[in-house]
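Letters go in sequence order (proteins before strands), and every chain restarts at 1.
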2 protein chains.
Amino acid sequence: MSSKARGAASSRSQDPIRKPLDADAVATAAFELFSRQGYNATSLDQVASALGISKAAIYYHHAGKEAILRHGLDAAMAALESMLQEAVFQSTANPPLDRFAYLVRRGSQIGLAHKATVEVLLRLKGNSEIERSLLKRRRAFDAAAAAILREAVTTGDLQAGSNPTVLASLSIGVINTLVEWYRPDRAIPAGELAEVVVRFVMSGLPRTGTERI
Amino acid sequence: MSSKARGAASSRSQDPIRKPLDADAVATAAFELFSRQGYNATSLDQVASALGISKAAIYYHHAGKEAILRHGLDAAMAALESMLQEAVFQSTANPPLDRFAYLVRRGSQIGLAHKATVEVLLRLKGNSEIERSLLKRRRAFDAAAAAILREAVTTGDLQAGSNPTVLASLSIGVINTLVEWYRPDRAIPAGELAEVVVRFVMSGLPRTGTERI
DNA sequence: AATCTGACTTACCAATCGGTAAGGGGTACG
DNA sequence: CGTACCCCTTACCGATTGGTAAGTCAGATT
């Protein structure tokens, strides 16, 4: 019983078999917890035990906790940004409100598809350099959305005197809030929900006796 | 120079003068930081130094970190709940959509007036018993709002087939998102903003060529 | 003058956290 | 058969955190 017997990998050999993890799998599990408990309230030990590995094993796949954060949020922001490019560079013959509706629809779909990551993205507070750089990208996204609405005011599609920045923030806010309460086991499927969101942003509550387009 | 000389209150006597703090003042300062950095990312040492006191002094006013959380969130939830009572018990002769509009307007005003507390309230994740009890109250609030919309479907004020739960979540979501980006130094004053929110919820983006009521 | 109380202070603690060091089992390849 | 590499382990560390113990000083009360 000398201290030499520092048995390693003992629990792994007890496992039936398990595929080696990769950086993506670790990040996915981490974001599952980040989104449920919050980033700061989630320890790497929790992430490790959710994966059935030791905390140190996480450091084989990622440089640290913040690296995991960046890994996941980079992917989510990239998806949103490429979608924004599509919306912005759609035929300018396309009315700005149509492009905005496209942005809202695709934004909802992406938000729901990347629920865990987007939820964490929305809760960033800028407590580190990484968080601040992500926040900067988020603000650029919001500004681009506002620009489309500003154009809609110029073309007269939106009422003169409207504040495009505020309206863009409210519209995007609807998407954001979506990510926070939607659970896939809900009565309404994600595909339909995106349409409900688009109609809500364009027309508000579906009242009777008001014109619909 | 015996160890007896454990000078106390030394920094206070250096201060010009300072009124004694009370539990509310400590909680207000704490929520200022909670809302900017997040609850978990804010240490009591930060709260203390923002107040110019020692961390231990916080424990004279509050039983602990979670007690501060409860102190502030209890007040915010109470304000929202009493507003909800007003909206619900308004003359039933009042159309449900009018009552809902009232709820959205007052909800926006309260959210903006209690910005720091409400922002923390919205970020709760249920990581402790206190958080879970607050979340329960929040869900009751959402359910009551949904009930008003359900009534509006019954009376035919909302289109048949509408999902009142989803629509209530989207509407309240607009208020929630408001709290996250609004800064009082913005171009638009808080009073106007509440009206913009009401119009947005009732009619969506202010398009030209659509009927307004 | 003596005492009490409100409002703090410094000094400390145990627990937890993110992160590191060092090593070991399994498989592929020479 | 050796050895190299991948993927992971146990054991540990320093820093930070929420929380506590005990002392203190100014001002009100007696």
Legend entry - Whether B/Arg138 side chain and B/Leu121 backbone form a donor-acceptor pair below 3.5 Å: yes
Legend entry - Pairs meeting criterion ring-ring contact (aromatic ring centres under 6.0 Å, His included) with involvement of residues 19-50 of chain A, two or more places apart: A/Phe31-A/Phe34, A/Phe34-A/Tyr39
Inset, instruction - Rounded to the nearest angstrom, tell me the gap between atom NZ in B/Lys55 and atom C1' in D/dG18. - result: 6 Å
Legend entry - For atom CD1 of B/Ile53 and atom C1' of C/dG6, their distance in whole Å: 14 Å
Legend entry - Gap separating the CD1 atom of B/Ile130 from the CG atom of B/Leu135, nearest 0.5 angstrom: 12.0 Å
Legend entry - Nearest-Å distance for atom pair NE2/P, residues A/His62 and C/dT20: 15 Å
Legend entry - Gap between atoms CD1 and C1', on B/Ile58 and C/dT10 respectively (whole Å): 15 Å
Legend entry - Side-chain N or O of B/His61 closer than 4.0 Å to phosphate OP1/OP2 of C/dG6: no
Legend entry - Selection: residues 64-73 of chain A, any non-hydrogen atom under 4.0 Å of DNA chain C: A/Gly64, A/Lys65
Inset, instruction - May I ask you to list the residues of residues 29-50 of chain A, by number, that have any heavy atom positioned under 4.0 Å from an atom of DNA chain C? - result: A/Thr42, A/Ser43, A/Leu44
Inset, instruction - Answer yes or no: is there a side-chain heavy-atom contact under 4.5 Å between A/Pro206 and B/Leu167? - result: yes
Inset, instruction - Please confirm whether the backbone N or O of B/Glu32 pairs with a side-chain atom of B/Ser35, one donor and one acceptor, at under 3.5 Å? - result: yes
Legend entry - Side chain of A/Ala56 (C-beta onward), nearest among D/dA21, D/dT10, C/dC8: D/dT10
Inset, instruction - Using atom types as modelled and distance alone, determine if a side-chain donor or acceptor of A/Arg99 lies under 3.5 Å from a backbone N or O of A/Ala87. - result: no
Inset, instruction - State, yes or no, whether a side-chain contact exists between A/Arg105 and A/Glu195 at a heavy-atom distance under 4.5 Å. - result: yes
Inset, instruction - Decide whether B/Thr42 and B/Arg36 meet the rule of one side-chain donor and one side-chain acceptor closer than 3.5 Å. - result: no
Inset, instruction - Check step by step if side chain to side chain contact (heavy atoms under 4.5 Å, CB included) holds for B/Leu44 and B/Ile68. - result: CA-CA 10 Å; B/Leu44 291 183; B/Ile68 301 177; 4.2 Å; yes
Legend entry - Phosphate contact (C/dT9 OP1 or OP2) by B/Ser54 side-chain N/O below 4.0 Å: yes
Legend entry - N or O in side chain of A/Tyr60 less than 4.0 angstrom from D/dC8 OP1/OP2: no
Inset, instruction - Taking only the side-chain nitrogens and oxygens of A/Tyr59, find out if one of them lies under 4.0 Å from OP1 or OP2 of C/dG19. - result: yes
